[in-house]
2 protein chains.
Amino acid sequence: MTREPKGNPVVLDAPARAVLQVFRAKAGEARALDQSRCPVRDVLDRVGDKWSLLILIALSHAPHRFSALQRAVGDISKRMLTQSLRNLERDGLVSRQVFATKPPSVEYALTAMGESSLVPVVGLVGWASAHHDAIRDARLAFDAKEAAMA
Amino acid sequence: MTREPKGNPVVLDAPARAVLQVFRAKAGEARALDQSRCPVRDVLDRVGDKWSLLILIALSHAPHRFSALQRAVGDISKRMLTQSLRNLERDGLVSRQVFATKPPSVEYALTAMGESSLVPVVGLVGWASAHHDAIRDARLAFDAKEAAMA
DNA sequence: GGGCTATGGTCTCAGACGTAGACCACCAAT
DNA sequence: ATTGGTGGTCTACGTCTGAGACCATAGCCC
């Protein structure tokens with residue numbers, strides 16, 4: 001026992017499993033070849049970045065200028081906004097265009113690739129919003145159990 | 001020009017856009033109500049964590065013991081592994097089971113919710129692996145342009 | 001003119017956070 | 001007795017983040 005095969009149905013469909021297999025293969029191969037230079041992992045690092053997703057989502061609505069973007073995201077510092085935008089621009093997800101107005105303004109917009117990244121992102125957001133109640137409950141239960149321990 | 005409406009076709013389908021709308025609504029409402037306590041955002045924080053995704057993916061193959069997990073992920077420190085596992089467990093994505101063997105062993109496995117999280121995760125991984133060539137090229141181009149500036 | 005706004009950033013500094021590695025207690029095999 | 005393997009914790013160090021000052025420029029108001 002303690003090892004009973006769980007009865008819950010497989011959640012992943014065939015294409016999802018296929019993608020996972022591809023990922024495992026790439027991860028393994030990359031690790032074998034060149035430790036820590038797995039391409040999928042570094043892309044994930046960027047997408048997984050706290051601010052990048054938020055910026056992408058803000059830009060999904062419309063192009064934004066620097067300070068409009070800062071206001072849209074809410075609690076991001078200029079420093080991190082600059083840095084995240086640089087990374088996003090470097091990765092080709094966001095375009096930067098300077099307008100030679102008196103105080104020069106800069107407009108950031110999603111590129112085609114940036115827009116395409118929204119597809120998996122909304123998947124994630126959808127999952128998150130579908131499960132955040134369950135997660136909150138799990139956290140409460142966990143914290144209660146932990147408090148009981150102490 | 002510099003402002004021509006881009007001709008690229010809309011990438012998001014209707015359900016995706018709907019999810020995005022929901023996210024924007026939640027984000028806005030949460031920010032209005034209680035700055036920085038947006039539920040979607042904190043779930044995203046966890047999923048977006050560098051190690052959580054890797055752990056989830058490792059566990060998707062089979063349950064792992066602590067040190068097996070560390071070997072599977074590769075370059076994670078015990079400290080971060082412990083911490084990430086605690087968070088994942090707290091959120092109800094991963095279960096922890098202790099076996100009273102002579103050196104007690106601990107087995108971590110995905111819960112049903114953890115498995116369900118793989119669906120959006122593979123979406124992300126799929127996107128990443130589909131685009132990492134383009135991203136690598138974009139980075140090269142960006143770095144070259146930057147070097148030319150200097 | 002002096003101060004205020006707003007533009008897009010950069011710079012600095014303190015503090016939070018991640019990492020590597022030692023260490024612990026236990027047991028089996030050598 | 002040493003070595004290795006179990007799951008962690010603890011500490012010391014270094015990196016990264018966030019808040020805010022600062023820059024140059026051009027209105028605007030008084």
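Note that the structure is predicted; figures quoted are calculated from it, not measured. No hydrogens, no waters, no symmetry mates; every other heavy atom, side chains included, goes into these values. Throughout, a chain's letter reflects where its sequence line sits, starting with A, and its residues are numbered from 1.
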Notebook entry, point to check: Whole-Å distance between dG7(D) C1' and Arg71(B) CZ?
Noted result: 12 Å
List every contact pair, protein side and nucleotides 9-14 of chain D side both N or O, where the distance is under 3.5 Å.
{"from": "dT11(D)", "atom 1": "O4", "to": "Arg79(B)", "atom 2": "NE", "distance (Å)": "3.4"}

Check: Ile76(A) CD1 to dA19(D) P: how many Å, rounded?
Finding: 10 Å
Next item on the list: Mind calculating the distance between CD (Gln70(B)) and C1' (dT6(D)) to the nearest angstrom?
Entry: 12 Å
Notebook entry, point to check: Do Glu115(B) and Leu93(B) have side chains that get closer than 4.5 Å, going by heavy atoms?
Noted result: no
Checklist line | Protein-nucleotide distance (Glu107(B), atom CD; dT6(D), atom C1'), rounded to Å | finding: 14 Å
Checklist line | Gln70(A) side chain vs Ile76(A) backbone, donor-acceptor pair below 3.5 Å | finding: yes
Item checked: Atom-pair distance (NE2 on His64(B); P on dG7(D)), nearest Å -> 12 Å
Note to self: Go nucleotide by nucleotide along DNA chain D from the 5' end; which of Pro103(A) and Ser67(B) gets its closest nucleotide reached first?
What the structure shows: Ser67(B)
Check: Ser95(B): what forms a side-chain hydrogen bond (donor to acceptor under 3.5 Å, both in side chains) with it, not counting sequence neighbours?
Finding: none
Margin query: Side chains of Ser117(A) and Trp127(B): any donor to acceptor distance under 3.5 Å?
Written below: no
Check: CG of Leu81(A) versus C1' of dG20(D): gap in Å, rounded?
Finding: 16 Å
Checklist line | Distance in angstrom units between Asp49(A) CG and dT17(D) C1', rounded | finding: 11 Å
Note to self: Can you list everything that forms a ring pair (Phe, Tyr, Trp, His ring centres under 6.0 Å) with His64(B)? Sequence neighbours excluded, please.
What the structure shows: none
Item checked: By side-chain hydrogen bond (donor to acceptor under 3.5 Å, both in side chains) - contacts of Asp137(A) (at least two apart) -> none
Next item on the list: Note down the inter-axis angle between the two ends of the helix from dG1(C)-dC30(D) to dT30(C)-dA1(D), five pairs each, to the nearest 10°.
Entry: 20°
Notebook entry, point to check: Quick one: are Leu59(B) and Ile55(B) in side-chain contact, heavy atoms under 4.5 Å?
Noted result: yes
Notebook entry, point to check: Going only through I, L, V, M, F, W and Y residues with side-chain contacts under 4.5 Å, is there a path from Val98(A) to Leu110(A)?
Noted result: yes
Checklist line | DNA chain C: 5'-most and 3'-most nucleotides touching chain B, 4.0 angstrom heavy-atom criterion | finding: dG18(C) to dC27(C)
Next item on the list: With sequence neighbours excluded, tell me which residues meet salt bridge (charged side-chain N to carboxylate O under 4.0 Å, His left out) with Arg136(B).
Entry: Asp133(B)
Margin query: Measuring only between side-chain heavy atoms, which start at C-beta, is Glu107(A) closer than 4.5 Å to Phe99(A)?
Written below: yes
Pairs of donor and acceptor atoms involving the side chains of residues 79-87 of chain B, under 3.5 Å and at least two apart or interchain, shall be tabulated with distances.
{"from": "Thr82(B)", "atom 1": "OG1", "to": "Lys78(B)", "atom 2": "O", "distance (Å)": "2.8"}
{"from": "Ser84(B)", "atom 1": "OG", "to": "Met80(B)", "atom 2": "O", "distance (Å)": "2.8"}

